[in-house]
Every structure is written in structure tokens, then in C-alpha cells.
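These notes concern the structure reproduced below.
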Amino acid sequence: MKYFPLIWAALWRKKTRTIFTLLSIIIAFLLFGMLQGVNAAFKQGVDNANVNRLVVTSRISLTEALPIAQMQQIESVAGVATVAHATWFGAYYQDPKNFIFAVPVDIDRYLKAVPEIQAAPEAIDALRHTRDGILVGLVAAKKYGWKIGDRVPLHSTIWTRKADGQSDWNFEVVGYYDFNGDKNQTDAALFNFDYFDEARAFRRGTVGWWVVSLKDPNQSAEVAGAIDKLFLNSADETKTQSEKEFAQSFLKQFGDINFIVKAILFAVFFTLLFLTGNTMMQSVRERIPELAVLKTLGYSDLGVLTLVLVESVLLCLLAAALGLGAAELLFPLLKSVVGEVRLPGSVLVAGTVVALILAVATGLPPAWRAKRLNIVDALAGR
Amino acid sequence: MSEAIVSLRNVVKRYQRGKQVVEVLHALNLEIARGEFVALMGPSGSGKTTLLNLIGGLDRATSGEVIVAGERIDQLSSGGLAKWRARHVGFVFQFYNLMPMLTAERNVELPLLLTSLNGAQRKKNVAAALAVVGLADRARHKPAELSGGQAQRVAIARALVADPTLLVCDEPTGDLDRKTADEILHLLQTLNRDHGKTIVMVTHDPKAAEYASRQLHVDKGALVQGEQLAGAAH
Ligand SMILES: Nc1ncnc2c1ncn2[C@@H]1O[C@H](COP(=O)(O)OP(=O)(O)O)[C@@H](O)[C@H]1O
Ligand SMILES: [Mg+2]
């Protein structure tokens, strides 16, 4: 590109101004990358949710317990294949920042309802026969270096033990499991509900939520309606959602993340549009005589338009690349928020598109002005 | 009689100023032959720059024929005119009009970017043009690091580098002291005599006009009886 030195020099005509503009665009794209990354990671969780499953929670709130007696009633609903249950245990290992999604389950029911779980038959068998056994997810096992036979204490932020009033629960690692390679699902562990239910100090005979697999995913709405109808006007009314809806409403607890992200980014880019647009316009205004000289030398109107537009594209793409690159580097630091994910490629693509739109939106008005510029008037300073 | 490079017939130029129409050039006729060095003189506001801009294809006549370098340039589209300028005209201005952020050689290279020459050929031609104006050793300097005379030499090199048919200069020494002005005029004269460049130069300095082979006087938008010089230096 033989015009590159000309465009590059024009870009750096006012160094300080260009650096500040560049910095503000870089920061905007860093923000874009991080926020959209968080958003995309959450959405990915929702998208990965199984449509073939329903989650039944208390109508009152996610954290309200449900009586175990509901199981047989739910099982009797037409269209239901299996019913399993899980309970929020709120565990961490040694330090509150080592949160682990450990849940007490009836392992045979749970495996049937959640076939994504892959564990060696010996491991499952060992869990069946070890009362205080625990099956640990691959990520958790690796993170804490747990081996089969290790005794692992987990601290529950909710449940105390009947025997000693303590919140520390001891488990014996009996095996590992994977979840179709999804690393976000295996910073987790499964242990026996029977052991948990007997040992806990309160609310015995309840579960946190039901996991219901369907015979036919097309029937999910009917089955969900039937389950909720079953418990209508009882002491424990339910709310049945598809796993996807459940994931979404779980996220809603933190507010509408998607909306917040979009609103912040809209504000940032709206401001940036004016800031960069103004800078580009000012920079072209200062260069009117120079652009006129290019035209006298035989540069066409369209050629001059292109030079200015490419300058703006160069500025925006350069800044976007730096900003998104920084986001890519920093994104793993958000592991505690979004789990083990890399910045999704879709965010980088979207960022590039936004950069191009920004470049054209801010570059076109001054480029158009440069194109329209009348040589004689410009040279005479009119 | 030698071949006409510039030929203006009944050229009228009017400007619209709000509601008012100002006629700057009135049915002007002019012929300039290949190899001439013409000085356009006249009082300020008489229409010299306007006339020069018509000859150089920077502006369009309101009516009349403008034939330069064998082309009816009054009939070219704006794109066609840009191409024509690139091919046929080199411009030199009073205030040099160099790109401040580019080095001398990059400034001189600008017209060549529009040609099909490759990088090496461009470099060679730029070096040759800078050598002609005596600035080979300032190639890497930016305009701010050059004196007025040196900057004007760079501008002349830029005007020359694509080997145009015609050099068009609007008060090229208007911003220079006497001594530097004489050096620049001498350079233009050399370009005319030794390199055969046809030059049209606007000036209001009679001493500058003496370097030309012919002086034309513009007054109130018309040519007043041209004075043929035998060429003082011949
Ligand atoms: N674009 C224009 N619009 C209006 N008036 C113009 C324009 N260009 C030149 N003029 C007028 O035409 C006259 C001649 O201008 P010009 O050719 O620049 O004179 P000179 O170069 O001889 O000083 C002046 O009165 C000037 O104000
Ligand atoms: Mg003038």
C-alpha cells in the first residue's frame, strides 16, 4: 500500500490528540470485550442448558425447600421419564474463595436425569457403597489435587450437622466425573443425599429442587403445567421451568445482565462516536489546504475521500485491536465470575464490526467534506 | 510559429457572490507556445490567479474555450481534469504548500503515487528531481527544518517530478527575500532554458518578470497589450 506513509503521517499529525483518541477507543473496546465476554459466557451457559429437562423449584423462591414426598407425585405425571433432586449445599474448600458446586443427590436417579455426567462404573459403584463418599468433577479434582481415597473436608455455608453443630463435612473421594468436557460443570462434586439428610441439623426430608427429564421434549410446556397444577394450593406450590428458563431466571437474580451490558456499551460508544467524530472533523478542518494541494497534484475527489476514510478505519481498527487484545489477555481474570472460559471468538468478531461501524460513522462526514472541497477556495483560504 | 501549449479563446470567468455576479475575466484570448517562460503581471485583484487557475485546470471557465496541452480542458469531467492535471501540470505556490508531516522526499513523491511506477523507480525519480533543485542532501528533512528558499525548491521538485508539460507558478517568490527570490527565479529560468519546460508564472514583482521570456499584463480582467522581450539574458 504505497499511500500508507501518507495516511500514517496524517494520522500522527497531532501526536497528543491522536494518542488520547486512541486511548479512549482502546478503553472503550477493552470494556466492550470484557462486558460482552461476560455476557456471552452467561448466555453460553443458558444455551448449553438441556431442553429435555425441567427444573422444579418452590414458587416462593429458588432457595425455598420442597418436601421429598413430592417425588412420587411428580413421577406419576404423564410425559415424565425420571425425577431426580438436588439441594444447594453452598460449599467451599478451606477458603471461602474456593467455592465448589457440591450437591447431595440420589446418584442413580441423578445419573438417569443428567446423562451428560460421565464417570467410571467402579466410581459410581463406590459412591453407592460409601456413605460419606464424594464423586468429584475433573476441574475440582485437578484444582485441589484430590485423589481417590483422600478425605476432603468441605465447609457448608448453610448446613450444620446434627451431631456436633459444626458446618464442616467430611467426605472420602471415591472417583471423578466429566460433563461432556464442559469445564464449567466440573468445578463441582456429587455426594449421597441419604448421608446428608440424616446428618443435617434441620429441614430433613426436603430437597432444593427437582430435575425432571421428559419422554418427549416437545411436551415440556404441558408437563410443566401439569406439575405445577399438582401442587397448586398446597403448602409447597412449585414453579416448573425448562432448564434454559431456569438458567435465565437464575441469572436474573443478578439483574438483567444482558440489558445492563448493552446499556453501558451504548452509552460508551455513543460518547465515543461524538468524541472521535469531532476529532476527525477537526483534524480534517486543519488540513484543508493540504487536502487541496493533493487535489491540485491530481488526486481525485474520491481518492481524497478514501484517504481520510482509511485514516479513520486505521485509527479505529488499531485501537479496537489493542483494546480487544487487552480484553483477551485480561478476561481469564474474571474466572471467578464466568468460569473457565476464553473470550468467545464471537465477541472479537462483533468488536471488529463495531470498530468498522465506528470508523465509517466518524470518518465519513470529514471524508465527505474532503471530497467536496473546492481547490480554488481552499487554496485562497475561503 | 511553434506549437501552442496554452490557448484561451473568449474566456469569461464570473463568480457568484450571494446575489451579485462578478465578472473577473472578460472574453480573454491568450496563446502560449511550447518552451515559453511567461510572466503574468498586474495589480492585486486584477484576475492573475484566476487566469492561472484556468490554465492549470484548477478552476473552470464560465464560457469560452480552454485548450491546454492539446486538450479541451473546459470539457473534461472533474475526474478527467484531476487525471489531466496529474499528467500535464506542475504547481508552485507562494507559500510552498508542502505536507508538514512528510519529509522532503515524501513530499516530492506525492505526484508519483498516482503513476504506475514502482517503489524503486519512484525513489530514483525523486532523487533526480531533488538533485535538479540542488537539495539532494535535504531529502530526509521535514518542511519545518527547511528555510523558505529550500522549501520552495522542494515544491519545485514536486512540481517537476512527474515531468509535466507545463509549470504553473503563482507568485513563487512572493514570500522570499530578494537574494533567495533571485535564486529561485534563476532555477526556474534554468528549467525553462536547459530542460525546455514551459512556465507560466504570476508575479507582481517587475524584477521577477525580467527572468521570463515574455511578460503579459492583466488589468481589470483583461490582457493589456503584451510586451515581447527579446530576452535580456540572451
Ligand atoms: N472564488 C471566488 N469567489 C468570488 N470572487 C472571487 C473568487 N476568486 C477570485 N475572486 C475575485 O476575483 C478577483 C480577481 O482575483 P484574483 O484572480 O485572485 O486576483 P489576483 O491574483 O490578480 O490578485 C478579485 O476581486 C477576487 O476577489
Ligand atoms: Mg493572486
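The sequence lines fix the lettering, A, B, ..., with proteins before strands; numbering per chain opens at 1. Below, all heavy atoms of this structure are taken into account, side chains as well, without hydrogens, waters or symmetry copies.
When atom types are taken as modelled, the side chain of B:Arg106 and the backbone of A:Ala9 share no donor-acceptor pair closer than 3.5 angstrom.
With a 4.5 Å cut-off on side-chain heavy atoms, A:Val293 and B:Arg158 count as touching. Counting heavy atoms from C-beta outward, B:Leu114 and A:Tyr3 have side chains that approach closer than 4.5 Å. For the pair B:Pro100 and A:Arg13, the minimum side-chain heavy-atom distance is below 4.5 Å. In this structure the side chain of B:Arg122 reaches within 4.5 angstrom of the side chain of A:Lys2, judged on heavy atoms.
Ranking B:Leu110, B:Thr49, B:Asn97, B:Asn53 against chain A, the residue ahead of the rest is B:Leu110, based on heavy-atom pairs under 4.5 Å. The candidate from B:Asp170, B:Leu113, B:Leu98 with the greatest count of non-hydrogen atom pairs under 4.5 Å with chain A is B:Leu113. For the set B:Ala82, B:Ala86, B:Ala159, B:Gly56, the entry with the most heavy-atom pairs within less than 4.5 Å of chain A is B:Ala82.
At a 4.5 Å heavy-atom cutoff, B:Tyr96 makes no contact with chain A through either its backbone or its side chain. Both the backbone and the side chain of A:Pro5 come within contact range of chain B, judged by heavy atoms closer than 4.5 Å. Heavy-atom distances place the side chain of B:Leu102, and not its backbone, under 4.5 Å from chain A. Looking at B:Thr115, only its backbone comes within 4.5 Å of chain A, counting heavy atoms on both sides. With a 4.5 angstrom heavy-atom cutoff, A:Ala10 touches chain B via backbone and side-chain atoms both. If you measure heavy-atom distances from B:Phe95 to chain A, you find no contacts under 4.5 Å at all.
Within a 6.0 Å sphere centred on CZ of A:Phe270, other residues, nucleotides and ligands contribute 12 heavy atoms or fewer. Enclosure of atom CZ in A:Phe20 is not indicated, since only 12 or fewer non-hydrogen atoms of other residues, nucleotides or ligands lie within 6.0 angstrom. Counting non-hydrogen atoms of other residues, nucleotides and ligands closer than 6.0 Å to NE2 of B:His141 gives a total above 12. Residue B:Gln20 places its CD atom among 12 or fewer non-hydrogen atoms of other residues, nucleotides or ligands, all under 6.0 Å distant.
Taking non-hydrogen atoms and a 4.5 Å limit, the residue list of residues 296-305 of chain A in contact with chain B, ordered by number, reads A:Thr296, A:Leu297, A:Gly298, A:Tyr299, A:Ser300, A:Asp301. Within residues 355-378 of chain A, the residues having any heavy atom less than 4.5 Å from a heavy atom of chain B are, in residue-number order, A:Ile375, A:Val376.
Residues A:Lys295 and B:Arg85 come closest through the heavy atom pair O-NH2, 2.8 Å.
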Report task. Evaluate side chain to side chain contact (heavy atoms under 4.5 Å, CB included) for A:Arg287 paired with B:Met99, printing each intermediate quantity in order. Result -> CA-CA 9 Å; A:Arg287 276 184 290 155; B:Met99 301 276 162; over 6 Å; no

